[in-house]
Amino acid sequence: MAKIGVVGATGYAGAELVRLLSRHPQATLAVLTSQTYAGKAMGEVFPHLLGVVDHTLEELNVAELVDRCDVIFTALPHGHAMPMGQEVMRQGKRLIDLGADFRLKDVATYQHWYQTEHTASALVTKAVYGLPELYRKDIKNSVIVANPGCYPTSTILGLAPLLTNKLINLETIIVDAKSGVSGSGRGLSLKSHFTEITNNFQAYGVATHRHTPEIEQELSELAGVSVTVNFTPHLTPMIRGILCTSYAKMTSHMSSEQLTELYREFYQGEPFVRVLPVGIYPATKNVAGSNLCDLSVTVDPRTGRVIVLSAIDNLIKGAAGQAVQNLNLLLDIPENTGLDFAGMYP
Ligand SMILES: NC(=O)C1=CN([C@@H]2O[C@H](COP(=O)(O)OP(=O)(O)OC[C@H]3O[C@@H](n4cnc5c(N)ncnc54)[C@H](OP(=O)(O)O)[C@@H]3O)[C@@H](O)[C@H]2O)C=CC1
Ligand SMILES: CC(=O)N[C@@H](CCC(=O)OP(=O)(O)O)C(=O)O
């Protein structure tokens, strides 16, 4: 049994991780941390976990925390996982960071987009980008896993077959994404205020969202040349889910059926990617509560563009579920361990 620490267990991503790990057959929750609720029982802060998770939240120093665990998950605001990375390396343990601190390979790019100094830059080269569908082998042997952002997960899975097979003009990629409000975390803010989000639909971070360089880094890696994208996120009045619609000009003539077949081959054997038949489109409700990413691909012969739709649950495939998938790779056990459940419908 792997002893697990969840740092930031009282956030939306952390609490979802605790829920998933509580039923994981090869992991045991050793430490759950919180600054605000230290001393309280997890079930007191989250009544849905009453009788399911009996742990008391603790506030520990980094060295003690790492000492008590084999694998540590950090689900903290960006900038706070760096000391954990250093201690994990010192003690020879393993880290899965759900935040952004180890995702960008270029430290200057991180500092620019996050307006935060990187205090563990030597570790960035050691971290592996935790998207199992692309980096499975590297993740298995890694010490620090940089769990991807929610928007990048759905965008990259949607576009990867096109870039790998050089089927699109790289200067024409547009990503139009919509997210549920849980994506912005549990903390109170005007952005997620009930009256601001209900009966409302708005864009934010236009041309400035910090997931842009993460998406560009990974698409560039797939294409073998530098790729830029227009990425526009929107906030929708729902709790969970991301739906991304990506557009690009095709460089060759293919039908929707041919491209769908190519996607099927690309993702063959993947436990969590479903390529839908032509004419059936992903919806957030179909993946809510599961670790699935649903994809559809359509060619518009009139404009020569391909339209890719991808849907995930931002808290599961976009955060906690993907983190458990990465844990399974680190432990060298079947990737769907503890994740082998369908979503919730309706
Ligand atoms: N929500 C989502 O859909 C996704 C989130 N992520 C990423 O996961 C991470 C957590 O996100 P989310 O759960 O949404 O955020 P929340 O705001 O819901 O939770 C943040 C957590 O961090 C703790 N925390 C806050 N400030 C500090 C601090 N200064 N030092 C230490 N701990 C602190 C809080 O706990 P306490 O006050 O109890 O200590 C809380 O547990 C972020 O990096 C986020 O970007 C990634 C993908 C998707
Ligand atoms: C709806 C909403 O607010 N979503 C968040 C993205 C959550 C996420 O994945 O953020 P990290 O990259 O920090 O892990 C946002 O746009 O900031």
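Whatever order the structure lists them in is the order used to number ligands and atoms, beginning at 1.
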Close N or O approach (T10, ligand 1; < 3.5 Å): yes
Contact (N/O only, under 3.5 Å) between P77 and ligand 1: no
Of the listed options H78, Q35, R210, closest to atom 45 (O) of ligand 1 (non-hydrogen atoms): R210
Test: K191 cationic atom under 6.0 Å from Y204 six-membered ring centre, within 45° of axis: yes
Proximal atoms of ligand 2 relative to L235 (non-hydrogen, under 4.0 Å): 1 (C)
H80 and ligand 1 - part of the residue with a heavy-atom distance under 4.0 Å: side chain
Part of S182 with heavy atoms under 4.0 Å of ligand 1, whether side chain, backbone, both or neither: backbone
Closest protein heavy atom to atom 9 (O) of ligand 2, given as residue, atom name and distance to 0.1 Å: C150 SG, 2.8 Å
Close-contact set for ligand 1 against A319 heavy atoms, below 4.0 Å: 47 (C), 48 (C)
Distance-only N or O hit between ligand 2 and E214, under 3.5 Å: no
Ligand 2 to Y204 polar contact by distance, N or O atoms, under 3.5 Å: yes
N314 to ligand 2, any heavy atom closer than 4.0 Å: no
Lys/Arg N to Asp/Glu carboxylate O, E58 vs R68, below 4.0 Å: yes
Within reach of ligand 2, part of H234 (heavy-atom separation under 4.0 Å): neither
Side-chain H-bond candidate by donor/acceptor type, N147 with D97, under 3.5 Å: no
Steps toward side chain to side chain contact (heavy atoms under 4.5 Å, CB included) verdict (E117, M82): CA-CA 10 Å; E117 193 194 344; M82 297 165 195; over 6 Å; no
